[in-house]
Colleague: 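Mind looking over this structure? Questions follow.
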Amino acid sequence: MPISRFASLLFILSFVFSSNSVYTPKRRGYFRIDFPPHQYQTFDKPGYPYTFEYPIYANVLKDSTYFDSVAENPWWINIDFPGFGARIYISYKDIGKPTDLRSVGRRPDENGMTPKGKFNDNPKAAYASFEKLRDDAFKMTFKHTYKASSIEDSAFTTANGVGGEFFRVGGNAATANQFFVTDTTRHFLRGALYFDTTPNEDSLGIVNKFLEKDMNHLINTFRWKTPAPQAGK
């Protein structure tokens, strides 16, 4: 058989077999992340009503704003993870005190009106009970339901006697891990992990798992100190 005819036959056969083969798409790849070892340092600043351990690859910054809101008191902080573009927002509330510094001295009058004219039919609405703070924590977690594929909550009590709840949010929700710790009578602290990127469970899943271990360590080393000091004193 002439070489030209043989080559033509090979081309035809290869075309036929390739046309009948099954196409298998490749999984989408992501950049490899080199995780540092889990090592910790202590956050124990004077005047703060709490202490805990956090990773050496994270930074604790005093929070003057909470998303688009003004921080209620001086003990709100952020725990930044520059290597992962992540942040744990920490908000602290003194149970039984006004939930917003802007509410101080603005309790409703007998007509339910505050000095700024905003109607308030509950004279104690600006003063947070444990039950209200706990319910708010659940509401803020479950507002992600429309994006979440699952939400799991689990109660805990640590070896330090600190109780609270941990939330795992599955799917492409803005936050995958949240928690709160409380003594139910004086202190209430909430934490929520967010990333500075579009939520994607596939690409962020491994990072969430890594930082979840750090959040668990924070919780297990968390302790309340003296009663919360009064803001501005």
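Positions are given from 1, in the same order as the sequence printed here. Note that the structure is a prediction, hence the values are computed from the model and not measured.
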Colleague: Please check if the side chain of Gln41 supplies one atom and the backbone of Pro55 the other of a donor-acceptor pair under 3.5 Å.
Modeller: yes
Colleague: Is the closest side-chain heavy-atom distance between Phe222 and Thr158 below 4.5 Å?
Modeller: no
Colleague: Specify the closest pair of heavy atoms between Asn160 and Arg223, including all atoms of both residues, with the distance to one decimal.
Modeller: ND2-CG, 3.5 Å
Colleague: Is there a side-chain contact between Phe35 and Val207, using heavy atoms and a 4.5 Å cut-off?
Modeller: yes
Colleague: When you check the side-chain N and O atoms of Tyr92 and His187, is any donor under 3.5 Å from an acceptor?
Modeller: yes
Colleague: Indicate yes or no: at least one non-hydrogen side-chain atom of Ile90 is less than 4.5 angstrom from one of Leu189.
Modeller: yes
Colleague: With a 4.5 Å limit on heavy-atom distance, are the side chains of Ile77 and Leu61 in contact?
Modeller: no
Colleague: Thr184: which residues meet the side-chain contact (heavy atoms from CB on, under 4.5 Å) condition with it, sequence neighbours left out?
Modeller: Phe130, Thr182
Colleague: Sequence neighbours left out, what passes ring pair (Phe, Tyr, Trp, His ring centres under 6.0 Å) with Tyr54? Give chain and number order.
Modeller: none
Colleague: How far does CZ of Phe188 sit from CG of Asp183, to the nearest 0.5 angstrom?
Modeller: 10.5 Å
Colleague: Would you name the heavy atoms of Ala137 and Phe180 that are closest together and state the gap between them?
Modeller: CB-CD2, 3.6 Å
Colleague: State, without any angle test, whether Asp214 and His38 hold a side-chain donor-acceptor pair at a distance under 3.5 Å.
Modeller: yes
Colleague: Under 4.5 Å between any side-chain heavy atoms of Ile95 and Ser129, yes or no?
Modeller: no
Colleague: My understanding is that only residues two or more places apart in sequence, or in another chain, count here; which of them pass salt bridge (Lys or Arg N to Asp or Glu O under 4.0 Å) with Asp136?
Modeller: Lys132
Colleague: Could you tell me whether the side chain of Gln178 reaches within less than 4.5 Å of the side chain of Phe138, counting heavy atoms only?
Modeller: no
Colleague: First locate atom CG of Asn177, then atom CD of Glu212, and finally report the distance between them rounded to the nearest 0.5 Å.
Modeller: 4.5 Å
Colleague: Does the ring center of Phe43 lie less than 6.0 Å from the ring center of Tyr48?
Modeller: yes
Colleague: Once you round to the nearest 0.5 Å, how far does OG of Ser91 lie from CG of Leu133?
Modeller: 9.0 Å
Colleague: What pairs with Pro36 under side-chain contact (heavy atoms from CB on, under 4.5 Å), at least two apart in sequence or on another chain?
Modeller: Tyr57, Phe84, Phe210
Colleague: For the residue pair Leu211 and Ile88, establish whether any side-chain heavy-atom pair is separated by less than 4.5 Å.
Modeller: no
Colleague: What's the separation between atom NZ in Lys209 and atom CZ in Arg168, rounded to the nearest 0.5 Å?
Modeller: 7.0 Å
Colleague: With sequence neighbours left out, write down each residue that passes side-chain contact (heavy atoms from CB on, under 4.5 Å) with His217, or none if nothing qualifies.
Modeller: Tyr40, Glu53, Thr221
Colleague: Please enumerate all residues that pass salt bridge (Lys or Arg N to Asp or Glu O under 4.0 Å) together with Arg134, with sequence neighbours excluded.
Modeller: none
Colleague: Quick one: salt bridge (Lys or Arg N to Asp or Glu O under 4.0 Å) partners of Asp80, sequence neighbours excluded?
Modeller: Arg87
Colleague: If the condition is ring pair (Phe, Tyr, Trp, His ring centres under 6.0 Å), which residues does Phe179 pass it with, not counting sequence neighbours?
Modeller: none
Colleague: Taking salt bridge (Lys or Arg N to Asp or Glu O under 4.0 Å) as the test, write out the residues that go with Asp44, two or more places apart.
Modeller: Lys225
Colleague: Are the side chains of Tyr89 and Trp76 in touch, meaning some heavy atoms are under 4.5 Å apart?
Modeller: no
Colleague: Side-chain heavy atoms nearer than 4.5 Å, only ILVMFWY residues, links allowed to pass through others: does that put Leu193 and Ile56 together?
Modeller: yes
Colleague: I'd like to check the ring pair (Phe, Tyr, Trp, His ring centres under 6.0 Å) partners of Phe166; sequence neighbours left out, ordered by chain and number.
Modeller: none
Colleague: As a quick check of understanding, evaluate side-chain contact (heavy atoms from CB on, under 4.5 Å) for Phe52 and Thr42, giving each step before the final call.
Modeller: CA-CA 6 Å; Phe52 57 84; Thr42 301; over 6 Å; no
